[in-house]
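The figures that follow rest on heavy atoms only: side chains count, while hydrogens, waters and symmetry mates do not.
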Amino acid sequence: MKILEGHIAAPEAKVAVVIGRFNSFINESLLEGALDALKRVGQVKDENITLVRVPGAYELPLVARRLAESKKFDAIVALGTVIRGGTAHFEYVAGEASSGLGKVAMESDIPVAFGVLTTENIEQAIERAGTKAGNKGAEAALVALEMVNLLNQIQAA
């Protein structure tokens, strides 16, 4: 039986991190976690990481698509935060970010890790950006690297 399973270390991987500026007080913690995971755990060289800042979560899919189309990256890590408010705005932004990033991954055939927090309130966002619930930015970065390695294994099988 052949078992394919990705591992985390990917020292030669070229990774784009695209991050929304809106809710930056949360997103910067996600970014710190993602960069730490890429460098320390994934062993990705600093020169192989490209950081792209966009206005907010809604803009993530367009920029992720452009990055994927460039063929310069092995993976994209998308980071942002959408906090529910009193209007339907949350559903539109969170839904479009999620479906758009998924579409980019499927159409580009490269991993697009979803590190976008979709929370009910600020407290939940803070918890997921490095306190009680871990750091979802770090988790997204590790997922991206594991997927790079897994897709390479599938290609070689």
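Using a 4.0 Å cut-off between a side-chain N of Lys or Arg and a carboxylate O of Asp or Glu, Glu59 and Arg65 do not qualify as a salt bridge.
A donor-acceptor pair under 3.5 Å is absent between the side-chain atoms of Ser98 and the main chain of Gly95, judged by distance alone. Remark: the backbone N or O of Ile26 is not paired with any side-chain donor or acceptor of Asn23 at under 3.5 angstrom. No side-chain donor-acceptor contact under 3.5 Å links Asp36 to the backbone of Ala138. A donor-acceptor contact shorter than 3.5 Å is absent between the side chain of Asn121 and the backbone of Ile83. Side-chain atoms of Asn149 come within 3.5 Å of backbone atoms of Ala9 as a donor-acceptor pair (strictly under, hydrogens ignored).
Put simply, the side chain of Glu146 does not reach to within 4.5 Å of the side chain of Leu142, judged on heavy atoms. Annotation: side chain of Lys39 is not in contact with side chain of Lys45 (no heavy-atom distance under 4.5 Å). Side-chain contact between Val63 and Val18 is present, with heavy atoms from C-beta onward closer than 4.5 Å. Between Ile122 and Phe25 there is a side-chain heavy-atom pair separated by less than 4.5 Å.
More than 12 non-hydrogen atoms from other residues, nucleotides or ligands lie less than 6.0 angstrom from CG of Leu51. No more than 12 heavy atoms of other residues, nucleotides or ligands sit less than 6.0 Å from atom CZ of Phe22.
Rounded to the nearest 0.5 angstrom, Asn152 CG and Ile154 CD1 are separated by 9.5 Å. Rounding to the nearest 0.5 Å places CD of Glu120 at 4.0 Å from CZ of Arg84. The distance from atom CD1 of Ile49 to atom NZ of Lys14, rounded to the nearest 0.5 Å, is 11.5 Å.
Here the shortest heavy-atom pairing between Ala16 and Leu67 reads CB-CD1, 3.9 Å. Between Gln153 and Leu4, the shortest heavy-atom distance links the atoms OE1-CA, 3.5 Å. The two residues Ala144 and Val77 come nearest to each other via the heavy atoms CB-CG2, 3.8 Å.
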